[in-house]
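Each residue takes its place number in the sequence, starting with 1.
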Amino acid sequence: MIISGGRVLLPEGIRDDLDVLIDHGRIEALIPAEERGHRARDGGGRVDVGGRLVTPGLIDLHVHGFAGGCFDDGPGPAAGVLRGLAAQGVTAVQASLVSAPVGVLAERLAAFAAMERPADGARLLGVHLEGPFLAAAQCGAHDPAVLGPPSADDVRRLLDFRDVLGMVTLAPELPGAAEATGLLAGAGVIVAAGHSEARGDALRAAVDAGLTHITHLWSGQSSTVREGPWRVPGLLEESLAADHLTAEVIADGRHLPPALLEIARRCVGERLCVVSDGTPGTGLPRGSRYRLGTVTCEVGDGVGVVVGADAFGGSTSTLPDMLRHLTGDLGWPVAEAVAAATAVPARVLGLAHRKGAIAPGLDADLAVFDEGFHPWATVLRGAWLGPERTAP
């Protein structure tokens with residue numbers, strides 16, 4: 001298959017004179033448009049995307065659900081979530097699970113390990129456990145009753161499912177957190193700091209043990225306090241000051257105002273990821289209710305809110321919604337914003353050799369957008385998902 005007639009977003013900028021040749025689920029070549037007639041494969045064809053923007057498939061490191069479906073509810077609903085996200089141009093995800101007892105999370109990991117992955121759904125890159133090793137004071141939409149410090153036995157139980165466990169968010173200041181970080185990171189699991197009251201010493205101990213990532217800046221993070229005349233940075237400031245940690249922002253226009261997104265952009269730069277933190281409320285009308293674990297949430301004015309509490313209940317926006325906000329409302333360059341939802345998360349997961357860019361040899365995961373990042377079509381592992389526009 002050849003994708004032609006598009007504005008192709010490459011790391012160096014947008015090109016309107018290239019076609020993307022796809023073969024056996026990989027990008028075989030980028031060819032000058034005038035050669036397109038000589039390069040179609042038998043049984044393939046050409047898809048003219050009519051001048052639309054062609055980007056790498058979006059990668060969501062942190063998403064809980066979509067359109068009423070929740071990853072916490074197991075493989076059946078998860079398959080629907082993966083299909084729904086694929087239609088939005090999201091070609092790969094980590095399934096984020098909210099805090100629950102370790103035994104419950106182990107059962108959910110086992111179910112994901114045995115799950116049959118839908119061919120027409122976003123690729124499941126692994127499971128992200130957002131908890132339960134979080135600080136109750138920064139619980140957000142997590143049930144404080146199930147939060148607590150990690151034990152070595154807890155970690156070993158979760159590592160029984162290392163093949164599917166991709167990331168764990170924890171609070172570095174909790175007793176045993178540094179030791180848990182060492183066990184997880186030693187097994188190849190990405191460890192992130194989040195929902196935490198940590199100060200610099202606790203974060204540094206976790207980093208020394210293998211922590212590499214920061215979960216959603218400003219959301220569930222301690223900030224500067226005064227101890228006598230002394231100002232003591234919190235997790236937020238320590239995260240922004242770090243020169244090697246990757247970090248996330250929820251760029252839905254609700255979680256963070258423009259000034260904070262700009263601070264993250266300037267401080268974190270090419271290490272900054274955009275994540276949706278999407279929930280089952282994504283795509284549902286205002287007033288719809290959904291659950292995150294035991295916590296009831298409601299779709300509010302462009303964001304999820306915890307019912308009966310002064311807290312956000314995750315996002316109700318997709319990654320294309322966030323790219324629209326960053327580029328259309330805030331003026332970020334298209335290449336920079338898209339990289340934060342493609343190349344950077346691919347690097348975080350150690351998959352830059354396969355995903356996150358349009359280049360020969362990489363997976364044929366592409367997103368095609370109308371003006372303003374409105375999804376039009378998706379190429380998923382070389383398969384076309386979208387309007388029938390194929391020419392012989």
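- Evaluation of the side-chain hydrogen bond (donor to acceptor under 3.5 Å, both in side chains) rule for Asp277 yields His62, His64 as partners, not counting sequence neighbours.
- For the side-chain contact (heavy atoms from CB on, under 4.5 Å) test, residues two or more places apart in sequence or in another chain that qualify with Leu18 are Leu10, Arg15, Leu30.
- Using modelled atom types and a 3.5 Å distance limit, the side chains of Ser96 and Glu130 yield no donor-acceptor pair.
- Without hydrogens or angle criteria, Arg83 side chain to Asp120 main chain gives no donor-acceptor distance under 3.5 Å.
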* **Pair Asp160-Arg157, salt bridge (charged side-chain N to carboxylate O under 4.0 Å, His left out): steps then yes or no** => CA-CA 5 Å; Asp160 285 342; Arg157 189 169 185 184; over 6 Å; no
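- Side chain of Asp73 to backbone of Gly76: no donor-acceptor contact under 3.5 angstrom is found.
- Atom CD of Glu262 has more than 12 heavy atoms from other residues, nucleotides or ligands within 6.0 Å.
- Among residues two or more places apart in sequence or in another chain, the salt bridge (charged side-chain N to carboxylate O under 4.0 Å, His left out) test is passed with Asp154 by none.
- Considering SG of Cys139 and NE2 of His195, their distance stands at 8.5 Å, rounded to 0.5 Å.
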* To do: Could you please spell out the steps behind the side-chain contact (heavy atoms from CB on, under 4.5 Å) verdict for Ser315 and Met322?
  => CA-CA 10 Å; Ser315 163; Met322 297 187 179; 3.6 Å; yes
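- Expressed to the nearest 0.5 Å, how far CG of Leu170 lies from CG of Leu184 amounts to 7.0 Å.
- For Glu237 (side chain) and Thr224 (main-chain N/O), a donor-acceptor pair under 3.5 Å exists by modelled atom type.
- Within the 4.5 Å cutoff, no side-chain heavy atoms of Ile27 are placed close to those of Leu21.
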* Asked: Taking it one step at a time, do Asp201 and Arg204 satisfy salt bridge (charged side-chain N to carboxylate O under 4.0 Å, His left out)?
  -> CA-CA 5 Å; Asp201 53 352; Arg204 284 186 288 274; 5.6 Å; no
* Working for salt bridge (charged side-chain N to carboxylate O under 4.0 Å, His left out), residues Asp16 and Arg7 -> CA-CA 4 Å; Asp16 61 5; Arg7 300 167 54 241; over 6 Å; no
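- In this model, no donor atom of one side chain and acceptor atom of the other lie less than 3.5 Å apart for His216 and Gln221.
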* Please walk me through it: do Arg254 and Asp301 pass salt bridge (charged side-chain N to carboxylate O under 4.0 Å, His left out)? -> CA-CA 9 Å; Arg254 298 296 190 272; Asp301 180 16; 3.5 Å; yes
